Amino acid sequence: MDRELAPEIIRKQRFKGWGFALVGILVLGGAYFLLSKILRTNIRTSELRIAVAELGSVENTLTASGEVIPAFEQVLASPIRASVKQVLLSPGASVRPGQQILVLDKSLSLIELEKLKDQLELKRNGVEKLKYQLEKDALDAELDNQIKGLSINRQKAELEDTRRLFKVGGRTQEDVSRAENALKISELEKDKLENQVRYNRQAKSTNLRESELQVRIEETGMKELQHKLKTADMVADRPGVLTWVNDKVGTTVNEGEMLAKIADLKSFRIEGSASDAYAEQVQVGLPVIVRVNETDLRGMITQIKPAVENDVVQFSVQLDDAQNAILRPSMKVEIFVVTSDSKQSVRVANGPAFNGKKRQTVFVLENGIARRREIEVGLSNFDYVEIKNGIRPGEKVIVSDLSRFEHLREITLKP
């Protein structure tokens with residue numbers, strides 16, 4: 001005999017049936033939505049970006065980034081080791097040639113200068129003393145040579161007397177030999193003195209030259225320090241704007257340490273950087289387009305840094321209009337390096353429809369219908385794409401991404 005089911009079981013079975021029905025409805029709805037997307041053959045014109053083909057130039061460009069910097073920027077560095085005594089101007093102040101920016105304590109360098117002056121005077125006195133000494137040595141050597149000559153003449157006479165006495169028995173052979181040896185020794189000593197005289201004459205100019213060079217080195221060191229002390233006045237040598245200054249009064253700065261920056265904010269240049277993948281294509285002399293907000297400025301690459309750092313090649317750009325009012329220091333800009341160009345070509349505004357391939361398909365408007373057409377693409381840049389074949393000037397091209405309709409030959413447009 002069948003038993004009646006409990007109410008809780010009946011409710012669970014009903015909920016389970018409703019769940020299956022809801023899932024089925026959702027599956028059917030999703031399938032209908034996807035199918036409608038796939039089979040959709042019309043689209044609203046307002047959803048599309050349409051460009052008109054025209055005749056014009058197209059420049060093939062590489063994309064890079066850049067920063068606006070002053071065309072001239074003077075860095076004032078400390079020429080001596082000193083301390084900052086007083087700061088006269090603040091960043092942002094205009095400076096004129098000869099205007100002092102800050103004051104350094106130069107007392108230690110002044111003491112060093114006095115020391116160099118004393119050392120120089122000692123060197124000069126040493127040169128004079130050397131001159132007198134060399135002259136004395138030369139004179140003494142000549143006198144010794146003359147004395148030795150007289151001594152040799154006397155010994156020659158004595159030798160003749162000894163030989164004469166030896167013949168008459170008044171001297172022995174030993175006396176004759178002794179006199180001959182003494183004469184030979186004196187002659188050799190005279191040769192030595194003559195060599196010394198010649199050496200003194202030749203060495204005199206050399207020794208003086210060496211001492212004079214040492215004096216000149218001391219003079220150069222003193223002039224260098226005097227020049228450093230003069231430049232330590234920290235004055236501007238041309239007009240500009242003070243962009244930075246070391247305002248820490250009392251701090252010690254070493255020689256070569258930066259103290260201030262002065263920039264000419266009337267003229268600017270661009271420091272650019274591009275991927276090292278473009279290193280062989282980025283060359284000096286190539287024209288560039290610098291995009292500042294919505295403004296394009298023309299220029300040329302004037303310098304390329306030889307070293308590649310962090311996979312980036314860096315270069316400098318000289319602008320044709322370096323004084324354009326839109327330029328500001330440290331402004332970030334886009335740079336398009338022009339590697340080639342095509343004059344009077346059919347061009348279309350660039351957009352997502354172009355995928356970078358030489359041959360591809362796009363949709364062209366014909367009597368309110370977008371028809372797929374195969375085209376050949378040439379040069380391209382951020383703004384335009386060159387159409388080498390497949391589109392005529394005046395035709396309207398859909399540059400929006402219509403890859404979802406790539407299976408269709410034509411699309412009906414709705415207002």
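Just so we're clear, the structure is a prediction, and the values are computed from it rather than from any experiment.
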_Working note: S330 + E67, criterion side-chain contact (heavy atoms from CB on, under 4.5 Å); need CA distance, chi angles, decisive distance, verdict._
CA-CA 6 Å; S330 302; E67 182 178 357; 3.7 Å; yes
- prompt: Between E114 and K117, is a salt bridge (Lys or Arg N to Asp or Glu O under 4.0 Å) present by the stated rule, with each step listed?
  reply: CA-CA 5 Å; E114 292 300 320; K117 288 180 178 179; 3.7 Å; yes
task = Show your reasoning for whether side-chain contact (heavy atoms from CB on, under 4.5 Å) applies to L120 and V215.
result = CA-CA 6 Å; L120 178 60; V215 170; 3.8 Å; yes
Chi angles and distances behind the side-chain contact (heavy atoms from CB on, under 4.5 Å) call for T63, F336:
CA-CA 5 Å; T63 303; F336 302 100; 4.0 Å; yes
Going through the distances and angles, do I101 and L88 end up as a side-chain contact (heavy atoms from CB on, under 4.5 Å)? CA-CA 5 Å; I101 298 171; L88 304 177; 6.0 Å; no
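With R171 contributing its side chain and R163 its backbone, the two residues share no donor-acceptor pair below 3.5 Å. Without hydrogens or angle criteria, N350 side chain to N381 main chain gives a donor-acceptor distance under 3.5 Å. Side chain of Q360 to backbone of A353: a donor-acceptor contact under 3.5 angstrom is found. N324 contributes a side-chain N or O that, together with a main-chain N or O of I326, makes up a donor-acceptor pair within less than 3.5 Å. The backbone N or O of K266 sits less than 3.5 Å from a side-chain atom of D264, completing a donor-acceptor pair. The main-chain N or O of G390 is found under 3.5 Å from a side-chain atom of R373 such that the two form a donor-acceptor pair. A donor-acceptor contact shorter than 3.5 Å links the side chain of R328 to the backbone of A325. With hydrogens and angles ignored, the 3.5 Å screen pairs no side-chain donor or acceptor of Q99 with any backbone N or O of A236.
Between S340 and L379, some side-chain heavy-atom pair lies under the 4.5 Å cut-off. Contact annotation: the side chain of F268 approaches that of P329 to within less than 4.5 Å [non-hydrogen atoms, C-beta and beyond]. You'll find the side chain of T302 stays beyond 4.5 Å of the side chain of R269, heavy atoms only. Residues K148 and S186 form a side-chain contact, since some pair of their non-hydrogen atoms from C-beta on lies under 4.5 Å apart. With contacts defined as side-chain heavy-atom distances shorter than 4.5 Å, the pair Q314/E271 does not qualify. H227 places none of its side-chain heavy atoms less than 4.5 Å from the side chain of E224. In this structure the side chain of L327 reaches within 4.5 angstrom of the side chain of L319, judged on heavy atoms. Between V249 and Q86, the closest side-chain pair of non-hydrogen atoms is not below 4.5 Å.
Checked for salt-bridge contact, R154 and E158 meet the test: a charged N lies under 4.0 Å from a carboxylate O. The pair D161-R164 meets the salt-bridge criterion, with a side-chain N (NZ, NE, NH1 or NH2) lying under 4.0 Å from an Asp/Glu carboxylate O. Ion pairing between a basic and an acidic side chain is recognised when a charged N comes within 4.0 Å of a carboxylate O; K248 and E257 show no such pairing. A salt bridge links E54 to R347: at least one charged side-chain nitrogen sits closer than 4.0 Å to a carboxylate oxygen. A salt bridge does not link E219 to R216: none of the charged side-chain nitrogens sits closer than 4.0 Å to a carboxylate oxygen. Of the charged side-chain nitrogens involved, none lies within less than 4.0 Å of a carboxylate oxygen, so that D296 and R298 do not count as a salt-bridged pair.
Between E366 and the choices K396, R371, R372, R392, the salt bridge (charged side-chain N to carboxylate O under 4.0 Å, His left out) rule is met once, by R371. Looking at V288, T61, L62 one by one, the single match for side chain to side chain contact (heavy atoms under 4.5 Å, CB included) with I335 turns out to be V288. Checking each of V364, T45, L365 against I398 for a side chain to side chain contact (heavy atoms under 4.5 Å, CB included) leaves exactly one that passes, namely L365.
Around atom CD of E309, no more than 12 heavy atoms belonging to other residues, nucleotides or ligands sit under 6.0 Å away. Surrounding CD of E128 are more than 12 heavy atoms belonging to other residues, nucleotides or ligands, all under 6.0 Å away. Under a cut-off of 6.0 angstrom, the local environment of NZ in K261 is sparse, with at most 12 non-hydrogen atoms contributed by other residues, nucleotides or ligands. Under a cut-off of 6.0 angstrom, the local environment of CZ in R81 is sparse, with at most 12 non-hydrogen atoms contributed by other residues, nucleotides or ligands. Residue-environment remark: CD (E174) stays at or below the threshold of 12 foreign heavy atoms within 6.0 Å.
Considering all non-hydrogen atoms of both residues, V399 and F354 come closest at CG1-CE1, 3.9 Å. Looking at every heavy atom in both residues, A322 comes nearest to Q318 through CB-NE2, 4.2 Å. Nearest heavy-atom pair across D233 and Q100 is O-NE2, 2.8 Å. Shown here for A82 and D105, the closest heavy-atom pair between the two residues is CB-O, 3.2 Å. In terms of heavy atoms, L116 sits closest to G221 at CD1-O, 3.9 Å. Between M234 and A77, the shortest heavy-atom contact is CE-O, 3.9 Å.
Between D276 atom CG and D311 atom CG the span is 4.5 Å, to the nearest 0.5 Å. Between the NZ atom of K228 and the OG atom of S78 there is a distance of 9.5 Å, given to the nearest 0.5 Å. The CG atom of N389 sits 13.5 Å away from the NZ atom of K358 when rounded to the nearest 0.5 Å. Atom CD in Q74 sits 4.0 Å away from atom CG in D237 (nearest 0.5 Å). Atom CG of residue L104 and atom CD1 of residue I80 lie 6.0 Å apart, to the nearest 0.5 angstrom. To the nearest 0.5 angstrom, I152 atom CD1 is 12.5 Å from I147 atom CD1.
Counted by atom type alone, E386 and S380 present zero donor-acceptor pairs between their side chains at under 3.5 Å. A donor atom on one side chain and an acceptor atom on the other are not found under 3.5 Å apart for T339 and Q281.
Aromatic pair F363/F405: centroids not less than 6.0 angstrom apart.
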